[in-house]
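Structure first, then comments.
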Amino acid sequence: MPALMEPPPYSPVDPVTEVLHGVPVTDPYRWLEDQESPRTREWIATQTRYARSYLDSIPGRGRIRERIRELLDVETYDLLQKVGNRYFFRKRLPRQEQPSICMREGIDGSDQILVDPSLRGTGSHTAVKPLRISSDGRLLLYEVKQGGERVGTFELLDIERLDTLPDVLPRGYLRGFAFAPDSKAFYYVHETLEPTESRAHAAYKHVLGTAFADDKEVFAAGDDKLQLHIVPGPDHIGFLVVRIDDELTTNFYLWQFESADKPELVIRDAHYKFGPLLLTGGRVLAVTDHEAPNLRIVEIRPRKGLEPEFRDVIPCRETRIQNWMVNGGKIFVSYLRDLRTEIRIFDLAGKQLGQVPLDQHGTVRLIGVSDTGDEVLVEQESFTRPVRIYSYRPRGSEMRLFVERKAPFDPDGFHHIQVRFPSRDGTQIPMFLVGRPEALESGAHPTIMTSYGGYGIPVTPQFSVFVAFLIEQGCTFALPNIRGGSEFGDGWHQAAKRHRRQVAFDDFVAAAEWLINNGRTAPHKLAIFGGSNSGLLVGAAMTQRPDLFRAVVCLVPMLDMLRYHLFDNAHVWKDEFGTAEDPADFTALLGYSPYHNVRDNTEYPAAMIISGDADQNCNPLHARKMAARLQAANVSNHPILLDYSHYRGHSPVLPLSERVEALTDRMAFLCDQLHLTV
């Protein structure tokens, strides 16, 4: 292990004390919230020099980089859509910094580049993303981003001429979009970065080739506490108006294209989830949790002067609906049963017709349908096999490979098993263990662990270069299905939501204890990692049980849970976490907020906290403040590092060369801390 060349940089303490619900709370590093102040910028530069003095001196770094590049620098495909006989997708070839938007005529056609970001002359941080194709397959809407920023610029491509149209929506947020049926106009909701020019609370019609100043307002939502979204349909357009206040409230309007009538209010003041899909003739299907904790699909039948009728098409079941799509008069619904995906096929009346044949050794995602009604697109992957995209044709039940990512990784050398362990309250929690057969059979081995535990998002087998590299070095990978997800229905989510969030952390800590107590690893061999909500998870685990772990990789996290809702648009997560403004929420948040639970003179594990200026989901203030606090409190000889980048944000759009270097840093850090020989 390389010796640190200098102690951690000193972070000046400038305490701010507030009394919240009668409790004094002191924040020693509030000044680090000001991202652009000279004081903060100098502090970031000092932290970067400190981190590099350690990371650049780790033995074997060159060999690590070489292997990471081999695993990352492969041909990739994603974001597949189909219109007519044309497939649209994003593709990156080996040695390319960023993927291009491509098109393929027919499943056996050759790939044609439509939009290549490298030709824009704006540098390798420019990324593009296909969003929508017009129904005639003539126009492509795509987004252009710089680095990991959340905002983008929105452009239209004439596919036949390969010309970018002058009808560009400037840098900002596109809240809703729909092409007109004749593709000569589009409808949009757009929030620019200039409040005086923002059109975030009304929908407008733009005729191609005209000035945006001449656009016609077709629907107005109201004040700035509302979010307006567009639901496109074949002959109607829907407007979802969501108010984010103490309680989420949704209104839904339906309007026939170019009708002289005002949009019809269909759903008023709904306090439940409502995701509509428009069919021909104004028919509305929707997925909802109204009287259905695991979701159901209903047909909405308006009744003049009365609440609409919700007619069950696919009732609520014991397993939760993960995704659904309509294609050729059939409804395709994916469920997660015992951590395995099922895609069932129903007719529009709800009669089950069959199932899509699936490989049950990994994760399956329903990603799209063709507009011609003859094809469904699915992705499959596992712990040891990267993503493969398939075309499924219901007529004949034909499953055909469209493309696969070919990583230089031998899946046959690794296995996985499932175990169960009791959490603090006695609940049995399942956990995947992945590694070489000898690592799974006996003995204490270096182990890496992650999970998610929030928003009702399940964690299932996926291929990760992060994990693949480490299990090649002899590590065991552990993935517990902690509460907060929806692996076992809505109840699994509710058990660790808001005031009960500590339950997710208890499950994660119990997983670590089980691995140690059963002789599969030891505290000095156990590392944890996670990003975003999972960054909060590992931050809480590290501060509550620092004795259990040797190393922590905490990516783009939320860590100051008393102030998270005050920045960017993070207040929209109030339903998941609560906020410090509510006395009951405050007590729960203060009890686990990682930043507020760092204890002075404590031996903490090695930590690598990762963030960057462009993150507007989990503001980088969390990472900056936590790094300063941990460095001041830590009395172990383990390094506390801040890995910080100007371009890094929440969107995974960094160029290949930077991704290779970033992952090399993380792997070098873990190899050094876990004493892995590369």
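- Using modelled atom types and a 3.5 Å distance limit, the side chains of His650 and Asp615 yield a donor-acceptor pair.
- Distance alone, capped at 3.5 Å, places no donor-acceptor pair between the Arg520 side chain and the Gly443 backbone.
- Classification of the Phe383-His416 ring pair by plane angle, with boundaries at 30° and 60°, yields perpendicular.
- Environment of CZ in Arg268: sparse, with no more than 12 heavy atoms of neighbouring residues, nucleotides or ligands closer than 6.0 Å.
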Margin query: For a ring-ring contact (aromatic ring centres under 6.0 Å, His included) check, start with the C-alpha distance between His290 and Phe310, then their side-chain angles and the critical distance, and finish with the verdict.
Written below: CA-CA 10 Å; His290 181 49; Phe310 279 31; 5.7 Å; yes

Item checked: Residue pair Asp490, Asn294: steps toward the side-chain hydrogen bond (donor to acceptor under 3.5 Å, both in side chains) verdict -> CA-CA 6 Å; Asp490 181 66; Asn294 285 332; over 6 Å; no

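- Heavy-atom neighbours of Glu438 CD from other residues, nucleotides or ligands within 6.0 Å: above the threshold of 12.
- When all heavy atoms are compared, the tightest approach of Pro458 to Ser486 is CD-OG, 3.6 Å.
- Taking each heavy atom of Ile367 and Val378 in turn, the nearest pair found is CG1-N, 4.0 Å.
- In this structure, Phe414 has its ring center closer than 6.0 angstrom to the ring center of Phe409.
- Here the side chain of Lys273 pairs no donor or acceptor atom with the backbone of Val287 at under 3.5 angstrom.
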Margin query: Working note: Phe346 + Phe332, criterion ring-ring contact (aromatic ring centres under 6.0 Å, His included); need CA distance, chi angles, decisive distance, verdict.
Written below: CA-CA 7 Å; Phe346 303 86; Phe332 294 79; 9.4 Å; no

Next item on the list: Test Phe402 against Tyr87 for ring-ring contact (aromatic ring centres under 6.0 Å, His included), laying out the working first.
Entry: CA-CA 10 Å; Phe402 180 83; Tyr87 298 88; 4.9 Å; yes

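- The closest side-chain donor-acceptor pair between Arg483 and Thr427 falls under 3.5 angstrom.
- Between the side chain of Arg385 and the backbone N or O of Gly362 there is no donor-acceptor pair closer than 3.5 Å.
- The existence of a salt bridge linking Glu342 and Arg340 is excluded, since no basic side-chain nitrogen approaches an acidic carboxylate oxygen closer than 4.0 Å.
- In this structure, Gln227 and Val572 approach most closely via the heavy-atom pair NE2-CG1, 4.0 Å.
- Within 6.0 Å of CZ on Arg395 lie no more than 12 heavy atoms contributed by other residues, nucleotides or ligands.
- Taking the six-membered ring wherever Trp is involved, the centroid distance between the rings of Phe239 and Phe252 does not fall below 6.0 Å.
- No salt bridge links Asp347 with Lys330; every basic N to acidic carboxylate O contact stays at or beyond 4.0 Å.
- More than 12 heavy atoms of other residues, nucleotides or ligands shown are found within 6.0 angstrom of CZ on Arg175.
- Ion pairing between a basic and an acidic side chain is recognised when a charged N comes within 4.0 Å of a carboxylate O; Asp582 and Arg498 show no such pairing.
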Item checked: Trace of the side chain to side chain contact (heavy atoms under 4.5 Å, CB included) decision for Tyr253 with Val241 -> CA-CA 8 Å; Tyr253 298 79; Val241 182; 4.0 Å; yes

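- The side-chain heavy atoms of Pro276 and Leu240, taken from C-beta on, include a pair separated by under 4.5 Å.
- Within a 6.0 Å radius of CZ in Arg311, other residues, nucleotides and ligands contribute more than 12 heavy atoms.
- A donor-acceptor pair under 3.5 Å is absent between the side-chain atoms of Ser593 and the main chain of Leu590, judged by distance alone.
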Notebook entry, point to check: Passes side chain to side chain contact (heavy atoms under 4.5 Å, CB included), Ile267 versus Thr250? Steps please.
Noted result: CA-CA 8 Å; Ile267 301 290; Thr250 301; 5.6 Å; no

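- Side chain of Glu487 to backbone of Val459: a donor-acceptor contact under 3.5 angstrom is found.
- For the pair His445/Leu515, no side-chain contact is recorded, criterion being any heavy-atom separation below 4.5 Å from C-beta on.
- The cationic group of Arg337 does not satisfy the cation-pi geometry with Tyr335, failing either the under 6.0 Å distance to the six-membered ring centre or the 45° limit from the ring axis.
- With hydrogens and angles ignored, the 3.5 Å screen pairs no side-chain donor or acceptor of Ser370 with any backbone N or O of Lys82.
- Between the Thr450 side chain and the Phe529 main chain, a donor and an acceptor come within less than 3.5 Å of each other.
- One N or O on the side chain of His622 and one on the backbone of Asp560 form a donor-acceptor pair closer than 3.5 Å.
- Residues Tyr392 and Pro394 form a side-chain contact, since some pair of their non-hydrogen atoms from C-beta on lies under 4.5 Å apart.
- Residues Leu277 and Trp324 meet the side-chain proximity criterion, which asks for heavy atoms closer than 4.5 Å.
- Counting all heavy atoms, side chain and backbone alike, Asn597 lies closest to Tyr592 at ND2-C, 3.4 Å.
- Between the side chains of Asp507 and Ser423, at least one donor N or O lies within less than 3.5 Å of an accepting N or O.
- Taking 4.5 Å as the limit, every side-chain heavy atom of Ile482 sits out of range of all side-chain heavy atoms of Trp492.
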Notebook entry, point to check: Going through the checks in order, is the side chain to side chain contact (heavy atoms under 4.5 Å, CB included) test met by Phe549 and Val538?
Noted result: CA-CA 10 Å; Phe549 312 108; Val538 299; over 6 Å; no

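- Shown here for Gly282 and Leu254, the closest heavy-atom pair between the two residues is O-CD2, 3.7 Å.
- You'll find the side chain of Arg150 reaches within 4.5 Å of the side chain of Asn617, heavy atoms only.
- Rounding to the nearest 0.5 angstrom, the gap separating the CG atom in Leu470 from the CD1 atom in Ile448 is 4.0 Å.
- Closest approach of Gly578 to Tyr564, counting heavy atoms only: O-OH, 2.5 Å.
- Counting only heavy atoms from C-beta outward, the side chains of Val333 and Ile297 approach each other to under 4.5 Å.
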Note to self: What verdict does the side chain to side chain contact (heavy atoms under 4.5 Å, CB included) test give for Thr288 and Val298, after you've listed the backbone C-alpha separation in whole Å, the side-chain angles of each residue and the deciding distance to 0.1 Å?
What the structure shows: CA-CA 8 Å; Thr288 181; Val298 298; 4.1 Å; yes

Next item on the list: Test salt bridge (charged side-chain N to carboxylate O under 4.0 Å, His left out) on Arg545 and Glu513 and set out the steps.
Entry: CA-CA 10 Å; Arg545 290 297 305 274; Glu513 292 176 326; 2.7 Å; yes

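- Note on Arg388 versus Glu404: no salt bridge recorded, every NZ/NE/NH1/NH2 to OD/OE distance being 4.0 Å or above.
- Residue Lys497 places its NZ atom among more than 12 non-hydrogen atoms of other residues, nucleotides or ligands, all under 6.0 Å distant.
- The aromatic rings of Phe274 and Tyr272 sit perpendicular, their planes meeting at an angle over 60°, well past the 30° parallel limit.
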Next item on the list: Any chance you could lay out the side-chain hydrogen bond (donor to acceptor under 3.5 Å, both in side chains) test for Gln322 and Ser334, step after step, and finish with the verdict?
Entry: CA-CA 5 Å; Gln322 300 295 324; Ser334 65; over 6 Å; no

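- Glu381 and Thr363 share no side-chain donor-acceptor pair at under 3.5 Å.
- Ion pairing between Glu576 and Arg501 holds under the 4.0 Å rule for side-chain N and carboxylate O.
- Inter-residue side-chain proximity for Pro480 and Phe508 is flagged as met; some heavy-atom pair is nearer than 4.5 Å.
- Side-chain atoms of His415 and Glu441 form no donor-acceptor pair, as typed in the model, at a separation below 3.5 Å.
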